[in-house]
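Beneath this line is the structure, given in structure tokens, with notes to follow.
Remember, predicted model here, so these are calculated numbers, not experimental data.
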Amino acid sequence: AGDHRDLHSCPTRRSSDLVAGEARKLRAMIDGMDAGIVVADANDIITELNVWFLDKVGLDRGDLIGKPLWEFHPDTEGTARVRAALNAFRSGRCRETIVANRELLGMQLFLRAQPIFEGEHYRGVVLNVINVTDLIEARQAAEVVNSRLEDPQAAPQAASTLLRDKTRH
């Protein structure tokens with residue numbers, strides 16, 4: 001007869017290894033993204049984040065994992081909006097993704113809060129931070145060119161500017 005503890009620890013060890021392996025896969029997947037990802041549990045505690053986000057905020061993974069979302073968020077107005085969204089998720093009043101655009105950290109950002117529900121139970125949130133600065137600047141430049149093209153006297157100058165800008169990039 002063997003030690004009964006060995007029989008009971010094998011499934012636990014396998015489950016634990018499986019969970020650790022899935023966590024490594026998730027981290028590898030989100031670290032490769034060209035956008036910020038922060039995952040928090042139902043108590044607003046950060047459980048995962050990616051390299052892009054860490055680079056932008058200038059912190060290390062150990063500085064944030066296990067900490068409340070609110071410890072590092074620099075903007076009180078933004079914090080109030082995020083808290084309101086998470087409270088709406090937590091209460092079940094909102095189950096839909098919430099999006100916003102704003103300037104933060106010197107960038108124009110598209111922010112997305114995706115709630116995680118298991119049945120009726122709120123389990124946490126995935127926060128995406130996407131830098132759209134280049135897209136906004138390109139749109140603004142196109143609007144300037146379009147407005148100049150509408151003016152017959154300004155059209156040759158606008159076309160010249162557009163060609164010059166295209167050859168730079």
Side-chain angles (χ1 to χ4, degrees), residues 5-143 169:
R5 287 175 294 165
D6 290 338
L7 293 175
H8 295 293
S9 66
C10 289
T12 303
R13 192 173 325 129
R14 274 189 246 130
S15 295
S16 163
D17 291 345
L18 181 62
V19 169
E22 292 302 313
R24 283 190 300 275
K25 287 179 192 176
L26 172 65
R27 182 171 298 143
M29 184 175 58
I30 67 171
D31 274 347
M33 298 177 112
D34 192 26
I37 304 287
V38 177
V39 181
D41 68 13
N43 297 312
D44 306 337
I45 302 299
I46 298 169
T47 59
E48 190 57 74
L49 34 74
N50 71 347
V51 171
W52 186 98
F53 183 82
L54 290 168
D55 287 346
K56 299 302 180 205
V57 298
L59 296 171
D60 294 322
R61 184 177 301 279
D63 295 331
L64 296 174
I65 295 289
K67 303 280 175 52
L69 284 169
W70 322 116
E71 278 194 21
F72 73 93
H73 202 289
D75 176 3
T76 56
E77 179 185 332
T79 299
R81 287 190 217 169
V82 173
R83 278 186 193 269
L86 298 186
N87 286 335
F89 295 153
R90 200 176 344 275
S91 72
R93 289 189 324 266
C94 179
R95 296 176 66 93
E96 304 296 320
T97 300
I98 297 175
V99 297
N101 293 305
R102 64 176 317 177
E103 186 176 343
L104 191 65
L105 302 171
M107 299 175 283
Q108 292 293 324
L109 301 174
F110 175 78
L111 308 169
R112 182 175 179 265
Q114 173 68 51
I116 303 167
F117 281 93
E118 187 178 312
E120 295 299 312
H121 303 284
Y122 173 68
R123 298 296 185 208
V125 65
V126 177
L127 302 171
N128 298 90
V129 182
I130 302 166
N131 182 357
V132 294
T133 304
D134 291 342
L135 294 173
I136 289 175
E137 288 174 354
R139 184 185 71 205
Q140 290 169 341
E143 288 171 356
H169 297 289

Q. Quick one: CG on Leu86 to SG on Cys94, what's the gap to the nearest 0.5 Å?
A. 10.5 Å
Q) Can you check whether Gln108's main-chain N or O pairs, donor with acceptor, with Asn101's side chain at less than 3.5 Å? A) no
Q) Can you check whether Asp63's main-chain N or O pairs, donor with acceptor, with Asp60's side chain at less than 3.5 Å? A) no
Q. Judged by atom type as modelled, is there a donor-acceptor pair below 3.5 Å linking the side chain of Arg90 to the main-chain atoms of Ala42?
A. yes
(Q) Rounded to the nearest 0.5 Å, what separates atom CD1 in Ile46 from atom CG in Leu127? (A) 8.5 Å
Q: With sequence neighbours excluded, tell me which residues meet salt bridge (Lys or Arg N to Asp or Glu O under 4.0 Å) with Arg83.
A: none
Q: Provide the closest heavy-atom pair for Ala113 versus Pro115 in the form atom of the first, atom of the second, distance.
A: O-CD, 3.6 Å
Q) At their closest point, which heavy atom of Asn131 faces which heavy atom of Leu109, and how far apart are they? A) CA-CD2, 3.7 Å
Q: Identify which one of Leu64, Ile65, Leu59 satisfies the side chain to side chain contact (heavy atoms under 4.5 Å, CB included) criterion when paired with Arg61.
A: Ile65
Q: Report yes if the side chains of Leu111 and Val82 come closer than 4.5 Å at any heavy-atom pair, otherwise no.
A: no
**Q.** From CD1 (Ile37) to CG (Leu49), nearest 0.5 Å
**A.** 10.0 Å
Q | Between CZ on residue Phe89 and CD on residue Gln114, distance to nearest 0.5 Å | A | 7.5 Å
Q) In Å and rounded to the nearest 0.5 Å, what is the CD1 to CZ distance from Ile98 to Arg112? A) 11.5 Å
Q. Could you state the interatomic distance from CG (Asn128) to CZ (Phe53), rounded to the nearest 0.5 Å?
A. 11.5 Å
